[in-house]
Amino acid sequence: MYILALKVPPGPWRGVDPADIDGLGLISALPATAFIAILIMIVSFFVTVSQSTDRKFLLLFQIAAITFALHGAGALVADEPRFPTAYIHAGFVEFIGRTGETAINIDARMGWPGFFALFAFVTKAAGISDMTTILQWTPLLSNLLYLLPFVLILRQVVATTRARWFAALLFVLVQWIGQDYFSPQGFTFALYLAFVAILLRWFGRVEQRTKPVPPKGLRKWIGKLDAMTPGELANTGTFRADKLLMLMLLVALFLASVASHQITPFMMLGVVTAFLLFKRTTLTWALPFFLGLIVLAWISYLTVGFWASQIDTIFGGLGNILQNLRSNTGDRIEGTDPAHAMVLQARLGILAVILACAAAGLLRRLRRGVFDRSALILLCVPVLALGLQSYGGEIGLRIYMFALPGACLLAAYAFFPNLPADSADVREETVPLRKRNVRFNPQLTKRISLVLAACFAVVFAMAFLLARYGNEKFERVTTGEVAALHYVYDHDKPSARVLYLVPKEGPEVTPTLPWGERDIERVSFSEQALVFKDPSKIENAVAKLKSAPRNSYLMVSRGQVSYLQLNEGFPADWGERFRAALDKSPDVKRVYANQDAALYTWKKFVRGTEIPEPNPYEGRGDPTSPWTPVGIAALAVTWVALFSYEIIRLNGPNRAPRARKRLLFLAVPAFAVALAVIVERFLYIAANN
């Protein structure tokens, strides 16, 4: 019913007409039958979860169906892969597959090429030359992939069947930020979830307090929390060989994240450190020092071409919590279109409601004598990233994404806080540990909780469609826009430039067009053309085109115009009038046009003017410092010593104490030398570049 509602030709109660999409996004064009289908799927899920039998495969299938309906809507409706930034990532893959090299001087993201290199290998080995289908369905496949490790995380908590499956459903319903497209962030988030699942399943530690609680003060409250029932399951019966294999897998997941993304390794490192601080893992402090040195070494030695001449770009935002917070909240809830303002409000509303539910769930569990330390860690650790960088104004979105596993689990406890049954023979939930007066019939309370959870799920699903696809008017990519850029790629020998429209010039303005799909070393998208609300004022755009070298194109596209209308208050007919003004200009000529896009070039180049050669991407070699060889040797010694210490410790806390002490005597000075050389490299190279 849902697929038919979206795929059949538009008509009464069916089909989606892209022309109907307005400031509310895709939800404004969906037929009523699509909403009814989503409602049926959610109701069927709660009918299943309300049964006394845990029907795992049916519930997993129903959540997968809801995931398909919500996260696959864009792929069902669009003719081309949505979200313009996905195309530049495909361009990185194409470049690595064609040249066999990375080029950090083309784009800083090439300093973390693991994700792009992986797909370059896969596409080349499989003989795939067109990545359109991959880009189209990556958001849906990513969310289905996220479910697998998240369900494993849910298996390691002390909760009822209803709480676990409702947490899994919430995880699907409130993940609206759209970082699951073809990107390193979407890929490494799956690695992060797998990393956390392994920590809980194979290296989890549960120790309830046995010593007396102090009589007063802060230590009394901390003692009471320690004495509560842990919210996690103990890890028992795991063989040493299994632990060794999983430890190696942990390191492999971390290495893949370090090579692919800038933020995800710090989230992993924060979770490991917090688990150690709050005694929720059997691993030792050797691991976070081992992993932390991997991150620092990668940045210092393998991305030096990026930070050598712009050290302030990396460290300029450290500690600026208020500024980073503002760049991710206040700067992102501005807008001029009244309908689009509702989209931004819906996003903040989902955030507020899920956090309120998480707080309520934590309190309800505490009243029952259960302290969910791991869930609280997963919720709070990502917030520390506010002290790192604004990440181009997107660190708030990443924090929300990484905090979702803990938030969804605690939010599920707001509706289903009780402990599970004592055994498989007892289907009813156990009596809460905390003794209190029972004011309502427990059976009635459970039914009310189920109905409330279903109502919240339906509201979240509708809000998801509004929040996730609210930018569809300019995030949707059309065939005409892709065709216009293919014209540029067909005429980019030896180089070309594309100028895109901006309401204000700045370094962090991203083109709202499907840019960089091919030939990223030949086609530059670094030039901006300033435009105004008056479409007849084309002087700035024409002057910028005149100053650009030959084979430069000014692109006017549907996505750019829609962005200007929704976020900057440009008139509804601005695009047509702006293109008409350019057509009348005696200084420019239109070389390509369709309904969705047009390309203009400067008409009066002197005959014989040559097109410039593209900038070389090989570079001249990374700068270094005199102490670099010493640092590399110290890194190798430190890693071997710390990893050996962790392997020996897998046998137990009392195994080979003398050998472990010797390894520490070797690792500590080597770690100090490696860290000192990393700091010296930052200072020396930045000062000389």
Can you confirm whether [X] sits close enough to [Y] that some side-chain heavy atom of one is under 4.5 Å from a side-chain heavy atom of the other?
| X | Y | result |
| --- | --- | --- |
| Leu145 | Leu141 | no |
| Tyr600 | Arg579 | yes |
| Leu169 | Gln62 | no |
| Arg14 | Met1 | no |
| Leu193 | Val196 | no |
| Leu485 | Pro514 | yes |
| Met131 | Glu517 | no |

Could you check, using the six-membered ring where one of them is a Trp, whether [X] and [Y] have ring centers closer than 6.0 angstrom?
| X | Y | value |
| --- | --- | --- |
| Phe182 | Phe119 | yes |
| Phe402 | Phe189 | yes |
| Phe464 | Phe460 | no |
| Trp176 | Tyr400 | yes |
| Tyr181 | His89 | yes |

Minimum heavy-atom separation for [X] to [Y], with atom names?
| X | Y | value |
| --- | --- | --- |
| Leu545 | Ser552 | CD1-O, 3.8 Å |
| Ile134 | Thr123 | CD1-CG2, 4.3 Å |
| Ser28 | Asp22 | OG-OD1, 3.0 Å |
| Ile128 | Asp130 | CG2-O, 3.4 Å |
| Leu513 | Pro84 | O-CB, 3.2 Å |
| Thr132 | Pro81 | O-CG, 3.4 Å |

Legend entry - Audit row: Val556, Arg590, side-chain contact (heavy atoms from CB on, under 4.5 Å) steps and yes/no: CA-CA 11 Å; Val556 184; Arg590 186 177 63 191; over 6 Å; no
Inset, instruction - Quick one: do Phe171 and Phe166 satisfy side-chain contact (heavy atoms from CB on, under 4.5 Å)? Show the steps, please. - result: CA-CA 9 Å; Phe171 186 71; Phe166 184 55; over 6 Å; no
Legend entry - Pair Glu505 + Lys544, salt bridge at N-O below 4.0 Å: yes
Legend entry - Pairing of Asp492 and Arg497 as salt bridge, 4.0 angstrom limit: no
Inset, instruction - Check Tyr192, Phe195, Phe254 against Thr264 for a side chain to side chain contact (heavy atoms under 4.5 Å, CB included) and give me the one that passes. - result: Tyr192
Taking atom [atom1] of [X] as the centre, report whether more than 12 heavy atoms of other residues, nucleotides or ligands fall under 6.0 Å from it.
| X | atom1 | value |
| --- | --- | --- |
| Leu148 | CG | yes |
| Met462 | CE | yes |
| Phe68 | CZ | yes |

May I ask you to decide if [Y]'s main-chain N or O and [X]'s side chain share a donor-acceptor pair within less than 3.5 Å?
| X | Y | value |
| --- | --- | --- |
| Ser142 | Gly186 | no |
| Lys473 | Leu566 | no |
| Asn143 | Val172 | no |
| Ser260 | Phe115 | yes |
| Asp20 | Val16 | no |
| Thr99 | Phe95 | yes |
| Tyr489 | Gly516 | yes |
| Trp298 | Gly111 | yes |
| Ser562 | Gly559 | no |
| Tyr2 | Ala69 | yes |

When rounded to the nearest 0.5 angstrom, what is the spacing between [atom1] in [X] and [atom2] in [Y]?
| X | Y | atom1 | atom2 | value |
| --- | --- | --- | --- | --- |
| Ile104 | Leu302 | CD1 | CG | 9.0 Å |
| Leu465 | Leu24 | CG | CG | 11.5 Å |
| Ser257 | Met267 | OG | CE | 12.0 Å |
| Met342 | Leu466 | CE | CG | 6.5 Å |
| Leu173 | Cys408 | CG | SG | 8.5 Å |
| Trp515 | Ser524 | CH2 | OG | 9.5 Å |

Inset, instruction - Any chance you could lay out the side-chain hydrogen bond (donor to acceptor under 3.5 Å, both in side chains) test for Gln528 and Tyr500, step after step, and finish with the verdict? - result: CA-CA 5 Å; Gln528 301 172 353; Tyr500 60 96; 3.1 Å; yes
Inset, instruction - Please test Arg476 against Asp596 for salt bridge (Lys or Arg N to Asp or Glu O under 4.0 Å), starting from the C-alpha separation and ending with a verdict. - result: CA-CA 12 Å; Arg476 181 175 63 92; Asp596 297 316; over 6 Å; no
Inset, instruction - Could you go through the salt bridge (Lys or Arg N to Asp or Glu O under 4.0 Å) check for Arg82 and Glu475 one step at a time? - result: CA-CA 6 Å; Arg82 65 186 300 276; Glu475 286 184 351; 3.1 Å; yes
Legend entry - Pairs satisfying side chain to side chain donor-acceptor pair (under 3.5 Å), at least one member in residues 456-469, at least two apart: His71-Arg468, Asp180-Arg468
Decide whether [X] and [Y] meet the rule of one side-chain donor and one side-chain acceptor closer than 3.5 Å.
| X | Y | answer |
| --- | --- | --- |
| His340 | Asn471 | yes |
| Thr478 | Glu481 | yes |
| Thr479 | Glu80 | yes |

Legend entry - Derivation of the side-chain hydrogen bond (donor to acceptor under 3.5 Å, both in side chains) call for Gln136 and Thr133: CA-CA 5 Å; Gln136 185 91 323; Thr133 304; over 6 Å; no
Inset, instruction - Start with the C-alpha distance between Leu378 and Val271, add both sets of side-chain angles, then the distance that settles side-chain contact (heavy atoms from CB on, under 4.5 Å), and finish with yes or no. - result: CA-CA 7 Å; Leu378 295 178; Val271 168; 4.2 Å; yes
Inset, instruction - May I have the step-by-step check of ring pair (Phe, Tyr, Trp, His ring centres under 6.0 Å) for Phe570 and Phe532, ending in yes or no? - result: CA-CA 8 Å; Phe570 279 46; Phe532 305 92; 8.6 Å; no
Inset, instruction - Determine, stepwise, if the pair Leu348 / Leu344 fulfils side-chain contact (heavy atoms from CB on, under 4.5 Å). - result: CA-CA 7 Å; Leu348 292 179; Leu344 304 175; over 6 Å; no
